[in-house]
Asks: 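Below is one structure. I have some questions about it.
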Amino acid sequence: LGTYNMVINACGKLGRWREAMSVWQDMRAAGFAPDVTSLNVLLAALGRADRWDEVEDIWREMETVGARGNLVTYGSLVSTFCKASRVNAALEVYDAMVRLGLEPTSMIYSGLMALCSRSGRHLGMAMDLYEEMRAGGLVASLTTYNALIHGLGLEREWEEALRVYGHMREAGVHPDLYTCSSLVYTLGLAHQIVLAIRTFNELRQDGLQPNLEVYNSLLMACQVNNEWKVAMDYFWQLQREGLRPNIVTYSTLISACTKGRMWRVALQLYDRMQQEGIAPNNFTYAALIRAVGSAREWELALNIWQEMRRMGSHPNTHVYNALIGTLGRSGQFELMEQVHCQMAAEGVTRD
RNA sequence: CCUCUCUACAAUCGG
């Protein structure tokens with residue numbers, strides 16, 4: 001039996017999951033009943049090879065025949081289902097292990113919480129797991145804290161996010177750049193721009209040198225809060241610090257120009273990015289058309305649309321929605337109809 | 001003899 005297990009394990013380590021499976025079959029054919037370790041090495045082999053369906057089949061079979069694994073088995077199953085984003089399967093495994101009276105390890109909690117915090121639907125579950133884990137005296141990892149903060153941010157749960165951040169610091173876990181951008185982003189989305197900027201400054205004083213993602217999150221926060229001027233200040237600042245703006249930076253800034261009707265600034269940014277050799281994409285064009293459209297500059301919007309097509313870009317739904325919205329708002333209904341036809345001709349659908 | 005996971009940046013709309 002030990003020999004079979006070793007062979008399956010060796011196959012798994014080499015990524016030979018088919019061989020691992022066939023050794024498993026041989027073993028049963030030869031009259032050896034697989035033990036928990038056999039199961040674990042097989043699951044590890046399949047998980048490592050991303051054979052998610054096979055792992056799920058084995059899990060279903062375990063359930064139907066009432067087979068029970070140990071902590072290693074359940075940890076392996078959870079980590080595979082997390083990698084596969086199979087929330088339901090992962091939670092079933094968790095339930096099964098709790099039913100058996102096994103205490104989940106912090107690795108199992110971390111995987112589940114990161115998985116659940118990726119979708120608003122399961123965020124409540126992530127927070128339940130978080131409380132349960134804390135109650136059990138376990139400390140979450142840095143990446144788990146970050147995932148929770150980000151997940152809460154997407155759902156505009158900024159107070160909860162700050163609470164988790166507080167726990168993190170109490171536990172002596174040091175924030176990194178992911179923590180910083182998630183917090184800034186979270187606070188920005190929740191219209192807490194003052195807190196977002198304060199957090200950004202505090203973390204910098206703690207010695208975290210912001211990278212472009214952090215600055216882009218900050219620009220996003222400014223954009224959401226109609227602070228185009230503040231956004232521009234940070235745009236200069238990040239360059240003084242030696243960072244090079246990318247397409248996300250420019251697209252976000254152009255969006256920030258929409259609400260203040262700063263369409264000239266938006267156009268300048270558009271020119272500047274091209275001078276720097278950054279090719280605009282549909283995000284950029286949609287933002288630019290909205291920026292000029294907000295000032296009823298419908299002719300400019302049309303020019304931009306024509307220019308992008310001349311340059312070989314394929315406008316998508318967002319670009320067309322921005323353009324059609326601009327024309328409609330400007331009372332250009334005939335043009336709107338024409339653009340609409342062109343959109344249909346290009347096979348782009350509304351919505 | 002066996003699992004070692006997981007995290008951050010841009011698109012609704014209007015006055």
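A note on names: the letters A, B, ... follow the listed sequences, proteins ahead of strands, and every chain is numbered from 1. All values below come from the heavy atoms of this structure, side chains included, with hydrogens, waters and symmetry mates left out. If you're wondering where the values come from, they're calculated on a predicted model, not measured in any experiment.
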Asks: Atom CE of residue position A:Met311 - does it have more than 12 heavy atoms of other residues, nucleotides or ligands inside 6.0 Å?
Replies: yes
Asks: Whole angstrom is fine here: how far is it from CG in A:Leu218 over to C1' in B:A8?
Replies: 14 Å
Asks: Would you check if A:Leu142 and A:Met168 make a side-chain contact, meaning some heavy-atom pair closer than 4.5 Å?
Replies: yes
Asks: Take atom CD1 of A:Ile108 and atom P of B:U5, then tell me their distance rounded to the nearest Å.
Replies: 13 Å
Asks: Does a side-chain N or O of A:His150 approach OP1 or OP2 of B:C9 to a distance below 4.0 Å, or not?
Replies: yes
Asks: Would you mind classifying the nucleic acid contact of A:Thr144 as base, sugar-phosphate or nothing, using non-hydrogen atoms under 4.0 angstrom?
Replies: base
Asks: Would you list the pairs meeting side-chain hydrogen bond (donor to acceptor under 3.5 Å, both in side chains) in which at least one residue belongs to residues 317-333 of chain A, sequence neighbours left out?
Replies: A:Trp305-A:Tyr320, A:Tyr320-A:Glu346, A:Asn321-A:Arg350
Asks: Once salt bridge (Lys or Arg N to Asp or Glu O under 4.0 Å) is applied, do any residues pair with A:Glu19, and if so which ones, sequence neighbours excluded?
Replies: A:Arg16
Asks: Holding to side chain to side chain donor-acceptor pair (under 3.5 Å), I want the full list of residues that pass it with A:Thr144, two or more places apart in sequence or in another chain.
Replies: A:Ser110, A:Ser141
Asks: Please work out if A:Ser117 contacts a base, only the sugar-phosphate, or nothing of the nucleic acid, heavy-atom cut-off 4.0 Å.
Replies: nothing
Asks: Can you see whether A:Glu132 engages A:Tyr109 through a side-chain donor-acceptor pair at a distance of less than 3.5 angstrom?
Replies: yes
Asks: Does a side-chain heavy-atom distance below 4.5 Å link A:Thr249 with A:Ile278?
Replies: no
Asks: At under 4.0 Å between heavy atoms, how does the protein contact nucleotides 10-15 of chain B? Give one character per nucleotide, 5' to 3', with B, S or -.
Replies: BB-BSB
Asks: Figure out the CG/C1' separation between A:Leu152 and B:C6, and round it to whole Å.
Replies: 15 Å
Asks: Between B:C9 atom P and A:Leu219 atom CG, what is the distance in whole Å?
Replies: 14 Å
Asks: Sequence neighbours left out, what passes salt bridge (Lys or Arg N to Asp or Glu O under 4.0 Å) with A:Glu213? Give chain and number order.
Replies: none
Asks: Rounded to the nearest angstrom, tell me the gap between atom OH in A:Tyr145 and atom C1' in B:A8.
Replies: 18 Å
Asks: When the distance from CG of A:Leu142 to P of B:U5 is rounded to whole Å, what number comes out?
Replies: 15 Å
Asks: By side chain to side chain donor-acceptor pair (under 3.5 Å), which residues pair with A:Tyr145, not counting sequence neighbours?
Replies: none
Asks: Do A:Thr258 and A:Ser294 have a side chain donor and acceptor closer than 3.5 Å?
Replies: no
Asks: Applying side-chain hydrogen bond (donor to acceptor under 3.5 Å, both in side chains) as the test, list every pair that has at least one member in residues 23-45 of chain A; sequence neighbours left out.
Replies: A:Asn5-A:Asp35, A:Asn5-A:Ser38, A:Asp35-A:Ser38, A:Asn40-A:Asn70, A:Asn40-A:Thr73
Asks: Please list residues of residues 60-81 of chain A whose heavy atoms come under 4.0 Å from any atom in RNA chain B, ordered by number; otherwise none.
Replies: A:Val72, A:Gly75, A:Ser76, A:Ser79
Asks: Round to the nearest Å and state the distance from A:Ile58 atom CD1 to B:U3 atom C1'.
Replies: 14 Å
Asks: Using whole Å, what does the distance between atom C1' of nucleotide B:A8 and atom CG of A:Leu203 come to?
Replies: 13 Å
Asks: For A:Lys229, which residues count as a side chain to side chain donor-acceptor pair (under 3.5 Å) partner, sequence neighbours excluded?
Replies: none
Asks: Do A:Asn146 and A:Ser182 have side-chain N/O donor and acceptor atoms under 3.5 Å apart?
Replies: no
Asks: Scan for side-chain hydrogen bond (donor to acceptor under 3.5 Å, both in side chains) pairs involving residues 183-208 of chain A, sequence neighbours excluded, and state none if there are none.
Replies: A:Arg169-A:Asp206, A:Arg204-A:Tyr215, A:Arg204-A:Glu241
Asks: Tell me which residues in residues 157-184 of chain A lie within less than 4.0 Å of RNA chain B, going by non-hydrogen atoms.
Replies: A:Leu177, A:Tyr178, A:Ser181, A:Ser182
Asks: At a heavy-atom distance below 4.0 Å, what parts of residues 26-48 of chain A sit against RNA chain B?
Replies: A:Thr37, A:Asn40, A:Val41, A:Ala44, A:Arg48
